Amino acid sequence: MIKLQPGEHKAIAQYIYAISAIILDDSKGYLIEGRLSSIVAELGCRSYGDLLFRAQSDKTGTVRRRIIDAITTGETLFFRDNSPFEMLRHKLLPELIDRRARIGGRIPIRIWSAACSTGQEIYSIAIVIKELLGDLDRYDVRLLGTDISDQAVARASRAHYGALEISRGMDANTLARHFERAGDQWKIRDDLRALASFRTLNLMQDFSSLGRFDIVFCRNVAIYFGDRDRIALFGRLERALDHGGSLVVGAMESLSTVCPQLEPKRHMRSVYYQSRVAAPVVRDAGQRYPAIPA
Ligand SMILES: C[S@@+](CC[C@H](N)C(=O)[O-])C[C@H]1O[C@@H](n2cnc3c(N)ncnc32)[C@H](O)[C@@H]1O
């Protein structure tokens, strides 16, 4: 493995911060080596400094995207931590549907998995929706999964999972109901796959064009960011919540000092956040939700 030379860490860490907001302090030299050395070798670079030069001078962005794919931690599993999905099933979705049912027509449900990794989170959400609501004809369900990693987004969109990934969080009955075999893998059934769309998105960039959401899952990503970026991110997520919308964060994350405009609310063993500032109710769904691409 090509070793990181003294002096290279700072420049590489600054570059990775600039393209992703991920902080790699001095203790993370092993991570840079472990994750980037194969790109250094494959591109025939002599050093990490050389890789940095290649990334910065590559106008196509290919090297930058490869670095992002390699440096990000896509650890995820189906129904991760379980209780947020119980809360979705027993609290967030029923309350949302109650509110919307009064308006009449097909009930819109917009959920965003921000930092969706390879898709296990958004398909867990899709499964909860399907099992709770059954026939979805009465609902206009749109799920959006975004992640900074092209590779993760492509895998999420493909919706194929190996036995090991399935064994992490998916019980046999749920598997039988919502997946079908695809060679030696499992593929989520088309009706659930059709609820979701995906795109590559860096959460540090403006995402206001996505419109507003009823529920946002943004879990286990802000832990990689510094305080300033975390504050900015949750401020913008608060503005992405529709009237009465809810934000769900990771089990080890708390927003009390990060985003005071978000009010923590408890359901059983889970916490979700709602804006203290009531967003205006917009009745025209097209206006409220500009475009989640199919
Ligand atoms: C540990 S996974 C979490 C996946 C899922 N939310 C969960 O909790 O199981 C973190 C994800 O955040 C993504 N990520 C890291 N930095 C990001 C950024 N600046 N913008 C968007 N996604 C980012 C990574 O690519 C990775 O897929």
Side-chain angles (χ1 to χ4, degrees), residues 13-25 28 31-32 35-36 61 64-88 111-128 143-159 161 164-170 196 198-210 213 215-237 240 246-255 270-273:
Q14 274 175 349
Y15 176 72
I16 288 169
Y17 174 74
I19 60 173
S20 68
I22 294 171
I23 293 195
L24 296 171
D25 63 25
K28 298 279 168 53
L31 200 142
I32 294 176
R35 298 198 177 172
L36 299 189
R64 173 179 50 80
R65 286 194 293 274
R66 285 197 61 182
I67 291 175
I68 285 176
D69 287 342
I71 210 72
T72 45
T73 303
E75 164 63 12
T76 188
L77 55 145
F78 290 102
F79 299 101
R80 184 175 193 171
D81 302 329
N82 206 39
S83 58
F85 300 94
E86 289 301 305
M87 176 171 75
L88 181 68
I111 303 183
W112 178 20
S113 166
C116 64
S117 187
T118 42
Q120 285 87 332
E121 181 170 86
I122 201 124
Y123 293 125
S124 303
I125 292 170
I127 289 170
V128 168
L143 309 181
L144 176 66
T146 65
D147 199 281
I148 195 173
S149 161
D150 283 337
Q151 209 171 57
V153 168
R155 284 221 49 219
S157 179
R158 189 156 182 266
Y161 298 95
L164 181 63
E165 289 165 313
I166 290 291
S167 73
R168 302 187 66 209
M170 185 61 59
F198 296 93
R199 65 162 71 166
T200 303
L201 179 89
N202 178 356
L203 287 170
M204 287 303 119
Q205 289 168 352
D206 176 37
F207 46 71
S208 56
S209 66
L210 297 178
F213 295 88
I215 300 167
V216 176
F217 276 59
C218 185
R219 305 193 308 147
N220 306 306
V221 57
I223 48 173
Y224 300 105
F225 304 154
D227 287 348
R228 205 180 50 190
D229 291 321
R230 222 178 283 152
I231 289 168
L233 171 63
F234 286 111
R236 287 181 301 121
L237 286 174
S246 302
L247 171 68
V248 182
V249 300
M252 307 308 285
E253 301 172 78
S254 163
L255 301 186
S270 278
V271 175
Y272 61 102
Y273 292 85

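Below, each value reflects all heavy atoms present in this structure, side chains not excepted, and no hydrogens, waters or symmetry copies. We count ligands from 1, going down the list as the structure has it; atoms in each ligand are counted the same way. What you are looking at is a predicted structure, and each value in this text was computed from that prediction instead of being measured.
Every side-chain hydrogen bond (donor to acceptor under 3.5 Å, both in side chains) that Asp229 has, sequence neighbours left out, goes to Tyr17. Remark: Gln14 engages no residue in a side-chain hydrogen bond (donor to acceptor under 3.5 Å, both in side chains) (not counting sequence neighbours). Residues passing the side-chain hydrogen bond (donor to acceptor under 3.5 Å, both in side chains) test with Ser124, sequence neighbours excluded: none.
Every protein residue with a heavy atom nearer than 4.0 Å to ligand 1 is included here: Ser20, Ile22, Thr72, Thr73, Gly74, Glu75, Thr76, Arg80, Ala115, Ser117, Glu121, Asp147, Ile148, Ser149, Leu201, Asn202, Leu203, Arg219, Asn220, Val221, Tyr224, Phe225.
Between Glu121 and Arg80 there is no side-chain heavy-atom pair separated by less than 4.5 Å.
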Practice task
Check the pair Asp147 / Ser149 against side chain to side chain donor-acceptor pair (under 3.5 Å), numbers first and verdict last.
Solution key: CA-CA 5 Å; Asp147 199 281; Ser149 161; 4.6 Å; no

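Under a 4.0 Å N-O distance rule, the pair Arg230/Asp227 qualifies as a salt bridge.
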